There are 2 protein chains.
Amino acid sequence: MDARQLKERVRNTGLRFTKIRESLLELLLESGAPLSAPALLGLLHAKGITVNKTTIYRELDALGQRQIIRQVQLGGRAAQYEIIASDHHHHLVCLECKKVEDVDMLKDLDQEEKKITASTQFTVTSHSLEFYGICKGCKTTI
Amino acid sequence: MDARQLKERVRNTGLRFTKIRESLLELLLESGAPLSAPALLGLLHAKGITVNKTTIYRELDALGQRQIIRQVQLGGRAAQYEIIASDHHHHLVCLECKKVEDVDMLKDLDQEEKKITASTQFTVTSHSLEFYGICKGCKTTI
DNA sequence: TGACAAATGCAACTAAGTTGCAATAAGATA
DNA sequence: TATCTTATTGCAACTTAGTTGCATTTGTCA
């Protein structure tokens, strides 16, 4: 998933390709981990792009509805967002510094989803798996 | 894990056994799913127990530090809390009504934790797995 | 019972997220 | 290119979740 593909994907949903939207998606694409609304706001301002927080929330909502990004819950007060890429991955959340890293999927959980759907009255459509612990940086400083 | 065992566990950590603490733990124990601070506040008031929100947050923090309860992130604005029981389980989160059900662990993820710890610089200490989909109740009403 | 720490309430605060309304700008079309 | 429609944006005011400092009350143990 590169910037060009993403641009195409956004256009196909009928969304206009604005400066703010472009920069926001760029930030999410370049970041190796999910970002929160306040974080995105700060990063955009640091880039010299003045944008209101209302815009950010509406933007995240619009992109979420179109399945371009997804909200992930990783602890901390603010929700975080990531691009929905073809490669499925999970998260490593550091309990010390709260930083999040992506980790490629080790084990296939599709079978588990099917088992639950078959044995309960709950139809599973997706899942999310987070591992908590201490990251490299925090181990050396403690 | 019954109320008596829980009471013992609380006492062993040096915490006093107050009416508020007792009722709060009772609610978490009886509920088959995690509860948020605002939800607990409402349930306690409904029970006729007047309690300030500051107390709830401090209570949840105190119990969390003593490993009696744990915070879980399941979407929605408020964090949710559950008793740490001996049986490990995961969550089924309904995307429609946002209700959460517990589901017994199907697959052991300890091996995955070890693999990550061995192959990366990140030391995994725990994990959390959520399945998203549509619950029984919401399927019939849609 | 008395002392001391734990527990609680209150008020005032911060931070995340939402809503309504008015102004602006993207981009399709003529 | 000028115009029109609609998406996008900003602003202000709001709600909700969660926090902090300080004063008061209450368990528990000697």
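Values reported hereafter were calculated over all heavy atoms of this structure, with side chains retained and with hydrogens, waters and symmetry mates removed. Reminder, nothing fancy here: chain letters follow the sequence lines and each chain counts from 1. All values reported here derive from a predicted model rather than from experimental measurement.
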Measure from the side chain of [X], starting at C-beta and using heavy atoms only, and say which of [options] lies closest.
{"X": "A:Ile20", "options": "D:dT9, C:dT19, C:dA7", "answer": "D:dT9"}
{"X": "B:Lys53", "options": "C:dT8, D:dA17, C:dA16", "answer": "D:dA17"}
{"X": "B:Asn52", "options": "C:dG9, D:dG10, D:dA17", "answer": "C:dG9"}
{"X": "B:Thr54", "options": "C:dT8, D:dT19, D:dT28", "answer": "D:dT19"}
{"X": "A:Arg16", "options": "D:dT26, C:dG20, D:dT8", "answer": "D:dT8"}
{"X": "A:Ala78", "options": "D:dG18, C:dG17, C:dT8", "answer": "C:dG17"}
{"X": "A:Arg21", "options": "C:dG17, D:dT8, C:dG9", "answer": "D:dT8"}
{"X": "A:Arg58", "options": "C:dA7, C:dC21, D:dG18", "answer": "C:dC21"}

Side-chain donor-acceptor pair under 3.5 Å between B:His89 and B:Glu82, yes or no?
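Yes, a side-chain donor-acceptor pair sits under 3.5 Å.
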Side chains of A:Lys139 and B:Thr123: do they bring a donor and an acceptor to under 3.5 Å?
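The criterion, which ignores hydrogens and geometry beyond distance, is satisfied for B:Thr123 and A:Lys139.
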Between B:Phe17 and B:Ala37, which has a closest nucleotide on DNA chain D that is more 5'?
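Closer to the 5' end of DNA chain D: B:Ala37.
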[X] has an atom [atom1]; how far is it from atom [atom2] of [N], in whole Å?
{"X": "A:Leu41", "N": "C:dA15", "atom1": "CG", "atom2": "C1'", "result": "12 Å"}
{"X": "A:Lys19", "N": "C:dG27", "atom1": "NZ", "atom2": "C1'", "result": "18 Å"}
{"X": "B:Ile56", "N": "D:dT20", "atom1": "CD1", "atom2": "P", "result": "17 Å"}
{"X": "A:Arg11", "N": "D:dT8", "atom1": "CZ", "atom2": "C1'", "result": "14 Å"}
{"X": "B:Tyr57", "N": "C:dA11", "atom1": "OH", "atom2": "C1'", "result": "16 Å"}
{"X": "B:Leu74", "N": "D:dA17", "atom1": "CG", "atom2": "C1'", "result": "16 Å"}
{"X": "B:Leu60", "N": "C:dA7", "atom1": "CG", "atom2": "C1'", "result": "14 Å"}
{"X": "A:Ile49", "N": "D:dT8", "atom1": "CD1", "atom2": "P", "result": "17 Å"}

Looking at the rings of A:His127 and B:His91, which for Trp means the six-membered one, are their centres under 6.0 Å apart?
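No; B:His91 has its ring centre 6.0 Å or more from that of A:His127.
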Which is more 5' along DNA chain C, the nucleotide nearest B:Thr18 or the one nearest B:Arg77? Just name the residue.
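That would be B:Thr18.
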Map B:Gly14 and A:Pro38 onto DNA chain C by nearest heavy atom, then report which one ends up closer to the 5' terminus.
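The residue whose closest nucleotide sits nearer the 5' end is B:Gly14.
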Report which part of the nucleic acid B:Ala79 touches: base, sugar-phosphate, or nothing (heavy-atom distance under 4.0 Å, all strands).
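Sugar-phosphate, no base atom in range.
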Looking at A:Glu101 and A:Lys136, is any side-chain nitrogen of the basic one under 4.0 Å from a carboxylate oxygen of the acidic one?
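Judged by the 4.0 Å cut-off on N to carboxylate O distance, A:Lys136 and A:Glu101 do not form a salt bridge.
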In terms of side-chain geometry, is the basic nitrogen of B:Arg16 or B:Glu22 positioned less than 4.0 Å from the acidic oxygen of its partner?
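Not counted as a salt bridge, because no side-chain N and carboxylate O are separated by less than 4.0 Å.
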